[in-house]
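To start, the structure under review is shown below, and the notes come after it.
Residue numbering restarts at 1 for every chain, and letters A, B, ... go by the order of the sequence lines. Nothing here was measured: the structure is a model prediction, and the numbers come from that model.
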Number of protein chains: 2
Amino acid sequence: MTRPVYFDCDTGVDDSMALAYLLASPEIELVGIGGVHGNVSAAQGVQNTLRLLALAERTDVPVAVGENDPLVGQFAGGAPHVHGANGIGDIELPETTATAIDEDAADLLLRLSHEHDGTLEIIAVGPLTNLALALERDAELASRVTQVTVMGGAALVPGNITPLAEANIAHDPEAAQAVVTASWPVTLVPLDTTLANVIDETERERLCAAEAPIVRAVGAALDYYFDFYVAEYGRRCSALHDPLAAAIAVGGMLPRVAPAVPVEVDVTDGPGRGQTVCDLRGQRLGPVDRDGANVRVVLETEGTLAPHMVERLLSLTAPSLEANGA
Amino acid sequence: MTRPVYFDCDTGVDDSMALAYLLASPEIELVGIGGVHGNVSAAQGVQNTLRLLALAERTDVPVAVGENDPLVGQFAGGAPHVHGANGIGDIELPETTATAIDEDAADLLLRLSHEHDGTLEIIAVGPLTNLALALERDAELASRVTQVTVMGGAALVPGNITPLAEANIAHDPEAAQAVVTASWPVTLVPLDTTLANVIDETERERLCAAEAPIVRAVGAALDYYFDFYVAEYGRRCSALHDPLAAAIAVGGMLPRVAPAVPVEVDVTDGPGRGQTVCDLRGQRLGPVDRDGANVRVVLETEGTLAPHMVERLLSLTAPSLEANGA
């Protein structure tokens with residue numbers, strides 16, 4: 001039996017990779033997708049998601065537009081210098097007649113949590129506004145969800161949009177604080193591990209030569225994304241932020257060092273705003289789970305993601321060819 | 001020509017080691033010592049300092065009592081579980097008739113900065129209240145001091161009294177913020193490096209067998225301190241916090257990775273209070289000094305301190321024996 005997954009994203013180059021990875025994962029079934037502000041506006045992200053699903057002939061997956069502003073303040077304009085103006089490296093995806101559903105993302109999540117009560121899993125790779133809003137509408141949501149995997153935060157490495165804060169968390173610290181303090185098990189996949197997992201040009205070229213159009217699109221979108229990371233890594237490659245969270249959630253990648261520790265989000269207006277405050281004291285002799293902590297912080301993984309991810313993406317076939325051949 | 005050094009401390013087991021190290025360092029001359037709240041009360045710390053100086057027959061060095069409370073709030077009682085009730089591992093040092101001078105520590109520092117205008121160096125291994133107070137009394141102080149070396153903070157490792165904050169900084173964040181933002185060159189020696197430099201039982205036993213009484217006292221005081229660190233390291237040993245700052249300031253230890261980067265101290269009342277916010281983004285390819293940054297953060301050292309420190313401490317002779325032999 002495949003596990004039902006709600007995927008919350010701000011599609012985004014690396015969100016696109018994560019989406020393709022999830023579509024290629026037999027362990028899980030995508031039962032719904034919510035869009036949120038972040039790399040792009042919520043509307044643009046949803047449009048990207050719909051077009052990617054259409055490329056994969058998976059418009060059966062319901063997609064809902066979510067919040068375009070954080071709980072406090074408003075959408076700051078995204079990260080066009082990282083993801084391109086359209087969020088997917090300024091490649092042009094074919095238009096689709098598929099549209100978002102009428103529910104907003106928080107309501108979709110709440111409905112799915114009833115339909116899959118006790119089995120639903122959440123993978124969130126954007127700001128956590130939709131999840132926080134769903135909790136606000138119904139705090140019992142937490143008891144119906146079996147696991148929440150979040151790409152976000154920075155524990156023992158610098159942040160990426162402030163000295164201390166990672167973008168997903170910093171774009172809505174109040175929402176993140178609600179999510180990490182709710183009574184559900186959270187797995188946090190922070191920059192500590194995502195920056196240690198990169199995809200390089202050789203692997204990107206394999207994606208560009210893939211059979212499945214969605215994988216070729218992801219490979220093409222990475223071209224723009226690689227430019228941004230030259231300053232970080234000194235070569236053309238990119239971090240695998242969102243796909244790493246997806247792979248850890250699915251079980252395709254295993255955490256190696258991932259203690260459950262007290263975590264809170266800095267919601268002050270000081271220099272720490274948006275920081276994920278993980279209490280990692282006392283871990284020198286090896287990972288130690290702290291009593292009562294329900295947030296697991298992934299500091300190291302077994303192996304690296306890129307080879308596994310590329311292999312899994314290349315397993316996707318071209319749906320139209322299949323249909324033609326049938 | 002030896003370089004004049006003002007030493008600010010909260011004596012403390014590791015402060016005692018740092019003091020002995022400085023007394024054994026031919027490169028510098030201790031021209032004054034200020035006491036501050038921290039490991040113990042300012043008065044207790046000064047008493048410890050005076051007795052240690054008496055053991056070394058160096059009561060010629062003026063010692064001033066400094067602030068017993070941080071700029072905001074008040075002295076919280078010190079760290080008897082780490083340093084013992086008397087601050088020096090509950091060993092009993094011989095009483096001394098030496099007393100503190102009449103000036104307070106901030107005034108001593110200001111006077112010395114005039115007497116050694118353009119050559120004075122500061123080594124601060126406690127909360128930075130005395131330094132901040134001196135800057136408050138005369139902001140021009142910064143221009144008369146050539147370097148300030150501070151043991152404090154945590155950049156890319158957990159704190160030691162909160163998840164994010166190190167004790168010296170957390171005991172007076174407002175003072176630390178004044179010191180790291182003043183226009184003098186600061187070298188910050190944080191937990192990142194001090195916890196990586198330990199002294200173990202074999203080396204402690206060499207100190208206990210030393211000729212100089214102050215070194216034997218330091219070795220004895222370490223016994224209590226080692227107990228505290230068993231939980232951290234899984235064996236009897238201790239971090240060399242304050243001596244590492246002293247050795248880096250003197251030049252006995254060289255920084256290997258120590259970029260000059262923007263640093264501020266979190267002075268909010270949030271979970272980051274007392275954190276040293278070091279902007280360490282963009283350092284993946286190697287240390288990069290950032291324009292205009294005047295705080296150097298020591299992340300790695302060349303070699304480890306203990307062998308060098310033990311050798312230097314053992315070079316101290318027993319002053320009374322010398323006097324008798326003369």
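- Residue contact with chain A, scored on non-hydrogen atoms closer than 4.5 Å, is absent for B:L191.
- Top candidate by heavy-atom pairs under 4.5 Å with chain B, chosen from A:T162, A:D269, A:V267, is A:T162.
- Put simply, of A:P271, A:C278, A:G272, A:G270, the one with the most heavy-atom pairs under 4.5 Å next to chain B is A:P271.
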B:L164/A:L164 under side chain to side chain contact (heavy atoms under 4.5 Å, CB included): CA gap, chis, key distance, verdict
CA-CA 11 Å; B:L164 303 173; A:L164 302 173; over 6 Å; no
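- Counting only heavy atoms from C-beta outward, the side chains of B:E232 and A:L285 never approach each other to under 4.5 Å.
- Within the 4.5 angstrom heavy-atom criterion, atoms from both the backbone and the side chain of B:L156 approach chain A.
- For chain B, the nearby part of A:Q275 is the side chain; its heavy atoms alone come within less than 4.5 Å.
- Of the atoms belonging to B:E264, it is side-chain heavy atoms, and not backbone ones, that fall under 4.5 Å from chain A.
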Worked verdict on A:R273 versus B:T268 for side chain to side chain contact (heavy atoms under 4.5 Å, CB included):
CA-CA 10 Å; A:R273 180 167 173 81; B:T268 69; over 6 Å; no
